[in-house]
Amino acid sequence: MWSGANRAAEEFYAGLLQEFDEKKKGICKDPFIYEADIQVQLISKGQANPLKNILHENETIFIVEKVPLEKEEPSHIEELQFEETAISDLSTGENVGLLALPVGRARQLIGFYTMAHNPNMTHLKINRPVTALPPLWVRCDGSDPEGIGWLGAELISTSSNITGIVLYMVTCKVDKNYSVNLEDLKKSHKKRHHLSTLTASGFAQYELFKSTALDDTVAASQTRITLDISWSPVDEILQTPPLSSTATLIVKHDAAAVDRSIECLLTVRGDLDFAEQLWCKMSSSVISYQDLVKCFTLVIQSLQRGDIQPWLHSGSNSLLSKLIYQSYHGTMDTVSLSGTVPVQMLLEIGLDKLKKDYICFFIGQELASLNHLEYFISPSVDTQEQVHRVQKLHHILEIVVSCMLFIKPQHELLFSLTQSCIKYYEQNPLDEQHIFQLPVRPTAVKDLYQNEKPQKWRVEINSGQKKVKTVWQLSDSPPVDHLNFHRPDFSELTLNGSLEERISFTNMVTCSQVHFK
């Protein structure tokens, strides 16, 4: 028996090490398969991390899970069983491709990882000194009485030696009538780790706004504004965060939800020059390339004959603006309205108008100065780059309008949010999925959260060591995404239901230390 376990530990470690080395070399490949039914993939910093809702840490980790069903090769006899299972799963609305493993199998893999890193296991055929690998996390199916959703292992090491390992267990349950006491959590932590001192830090997330689809015919909006608050010490379970907390506002918008509102907030300017008025008329009436050519031909001919002498805002930089300026002096360049030239002319006057519209909004709302906006409105870059920068400015506008509409914050907060977005987009490409985070003073947003129930509330108990902790969390969505929980019908919920009125999930993260001697 021991020889089989030793060989399995050697093989498992070898597979992990190869995956780790190839990732460092930049070699991208599919997850490696272990014993036909298990796959292992290395998640790097910055990649989507399935543990983000539990640990809120962004580090490189191994994820171990069951090979998806489509990758298995069932025999002819197994196919019928597979079809029956699939029909059963579909009829109950469950996920057919569950990737979780039984807890017993997960513990076995954690054991192999631990054995391979234990410096005392010198009989294993592993090169010494052992390479310290990233933490290992195994998906579990929650079928045990505790409802284990994850098992994890993380090494304890010095600069030169691996001295031990921290073993994690994550449990998750549907628990509307939860009963937990902060002092009991502290006592359990002390007993498990034999420590006399500890601290309890809190985290609460308030959903200030989230648009919801009322039926299947209307797609759910992605606009989401949340407030994350952290503090220490924690006095009781579900404590309202004190005003001395650290708070961050996460804004993620949906363009479709704010487009109509932007039209209302961006009042029609009364100082449109000739080019801007022309753009407005053309954008609503020109429907073909031929229409475009005809329109610009009429304008240029009128300018050449001196029939019109339109006025322009200073700083206009389009080709049409240059022709208009030249017409003031009775001389105009010859422009061939062929190929992409008419489209380019339309794009240029549209860009000029949009820039002035955005300037009017941000300055009028006292959210930015002309200097703040210089990067976004500069004509000194090529047209394509100007388009990209105006798109960034529009995204900033959408973010600000989302907050103005849905949470109506103080002007101070709106100004800070605008400046934060401006600084981000001066250095980063357009990313409409980016979640903007803004540090705020709790006193500035207290009216937004103090009388509300949190979407997520968490307490973390530790003893001065990052890896030794106990975490208890209550949330209105399952933090473990691969487990199936009964969900009530939409009719059972209220749109503005509190945390208690909706289905609640509790999850615990506990850990224990094993020291190698």
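Just the heavy atoms: all of them, side chains too, but no hydrogens, waters or symmetry mates, feed the values below. Along the sequence shown, residues are numbered consecutively beginning with 1.
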Flag the pair Arg389 and Glu385 as a salt bridge only when some basic side-chain nitrogen lies within less than 4.0 angstrom of an acidic carboxylate oxygen. yes
Value for NZ (Lys408) from SG (Cys403), rounded to nearest 0.5 Å, stands at 11.5 Å
Going by distance alone, is a donor N or O of one side chain under 3.5 Å from an acceptor N or O of the other, for Thr163 and Asn161? no
Test of ring centre spacing under 6.0 Å for Tyr113 and Phe12: no
Under the side-chain hydrogen bond (donor to acceptor under 3.5 Å, both in side chains) test, which residues partner Thr122, sequence neighbours left out? none
Go through it in stages, so that I can follow the logic: the residues are Met404 and Val400, the test is side-chain contact (heavy atoms from CB on, under 4.5 Å), and I'd like the CA-CA distance, side-chain angles, deciding distance and then a yes or no. CA-CA 6 Å; Met404 292 177 69; Val400 172; 3.8 Å; yes
Test side-chain contact (heavy atoms from CB on, under 4.5 Å) applied to Ser44 and Lys23, step by step: CA-CA 9 Å; Ser44 301; Lys23 194 80 170 184; 3.1 Å; yes
Is it true that Tyr168 and Glu154 share a donor-acceptor pair across their side chains at a distance under 3.5 Å? yes
Between Arg105 and Glu35, is there a side-chain N and carboxylate O pair less than 4.0 Å apart? yes
Roughly how far apart are His394 NE2 and Leu430 CG, rounded to 0.5 Å? 10.0 Å
Is the closest side-chain heavy-atom distance between Leu208 and Thr226 below 4.5 Å? no
Closest approach of Asp141 and Val103, non-hydrogen atoms and distance? OD1-N, 4.3 Å
Please check if the distance between the ring centroids of His117 and Tyr13 is under 6.0 Å. yes
Heavy-atom check, side chain of Ile162 versus side chain of Ile156, under 4.5 Å: no
Scan Ile148, Leu185, Val471 and name whichever one has a side-chain contact (heavy atoms from CB on, under 4.5 Å) with Met508. Leu185
Taking Ile43's backbone N and O only, do any of them form a donor-acceptor pair with Gln47's side chain (distance below 3.5 Å, no angle check)? no
SG on Cys421 to CZ on Phe436, rounded to 0.5 Å: 4.0 Å
Looking only at side chains, do Asn507 and Thr171 share a donor and an acceptor under 3.5 Å apart? no
Pro409 versus Leu413, closest heavy-atom pair with distance: CB-CD2, 3.5 Å
Once rounded to the nearest 0.5 Å, what's the spacing between atom CD of Gln410 and atom OG1 of Thr443? 8.0 Å
Residue list, salt bridge (Lys or Arg N to Asp or Glu O under 4.0 Å) with Glu11, at least two apart or on another chain: none
Holding to side-chain hydrogen bond (donor to acceptor under 3.5 Å, both in side chains), I want the full list of residues that pass it with Glu183, two or more places apart in sequence or in another chain. none
Decide yes or no for Asn118 and Val514: does some side-chain heavy atom of the first lie under 4.5 Å from some side-chain heavy atom of the second? no
Of all heavy-atom pairs linking Phe62 and Leu136, the shortest is CB-CD1, 3.6 Å
Determine, using ring centers only, whether Trp231 and Phe203 are less than 6.0 Å apart. no
Mind running side-chain hydrogen bond (donor to acceptor under 3.5 Å, both in side chains) on Ser504 and Asp476 for me, showing each step along the way? CA-CA 5 Å; Ser504 300; Asp476 62 1; over 6 Å; no
Is there a donor-acceptor pair under 3.5 Å between the side chain of Ser402 and the backbone N or O of Glu398? yes
Do the rings of Phe112 and Tyr34 sit parallel, tilted or perpendicular, given the 30° and 60° boundaries? perpendicular
When rounded to the nearest 0.5 angstrom, what is the spacing between NZ in Lys191 and CG in Asp184? 11.5 Å
If you measure from CD on Gln419 to CG on Leu438, what distance do you get to the nearest 0.5 Å? 10.5 Å
Taking side chain as C-beta onward, heavy atoms only, is Trp137 less than 4.5 Å from Val64? no
Under 3.5 Å, is there a donor-acceptor pair between the side chain of Tyr449 and the main chain of Pro442? no
Taking atom types as modelled, find out whether Gln41 and Glu65 have a side-chain donor-acceptor pair closer than 3.5 angstrom. yes
Evaluation steps, side-chain hydrogen bond (donor to acceptor under 3.5 Å, both in side chains), between Lys392 and Tyr375: CA-CA 10 Å; Lys392 292 180 181 182; Tyr375 166 83; 2.9 Å; yes
May I ask you to say whether Arg441 pairs ionically with Glu412, meaning some side-chain N is under 4.0 Å from a carboxylate O? yes
Please examine the side chains of Thr470 and Val509, heavy atoms only from C-beta on, and report whether any two atoms are closer than 4.5 Å. no
Closest approach of Arg128 to Pro119 (non-hydrogen atoms, all atoms of both residues): NH1-CA, 4.1 Å
Nearest heavy-atom neighbours spanning Ala200 and Ile461: CB-CG1, 4.3 Å
Side chains of His193 and Ser463: donor-acceptor distance under 3.5 Å anywhere? no
Under 3.5 Å side-chain donor-acceptor pair for His395 and Gln391: no
When you measure from the side chain of Ser475 to the backbone of Ser477, do you find a donor-acceptor pair of N or O atoms at a distance under 3.5 Å? yes
Work out which heavy atom in Ile110 is nearest to a heavy atom in Gly152; give both atom names and the distance. CD1-C, 3.9 Å
Stepwise side-chain contact (heavy atoms from CB on, under 4.5 Å) check, Leu167 with Thr114: CA-CA 9 Å; Leu167 302 175; Thr114 303; 4.2 Å; yes
Answer yes or no: is there a side-chain heavy-atom contact under 4.5 Å between Trp457 and Ile237? yes
Going through the checks in order, is the side-chain contact (heavy atoms from CB on, under 4.5 Å) test met by Ile38 and Leu101? CA-CA 9 Å; Ile38 291 171; Leu101 297 167; 4.1 Å; yes
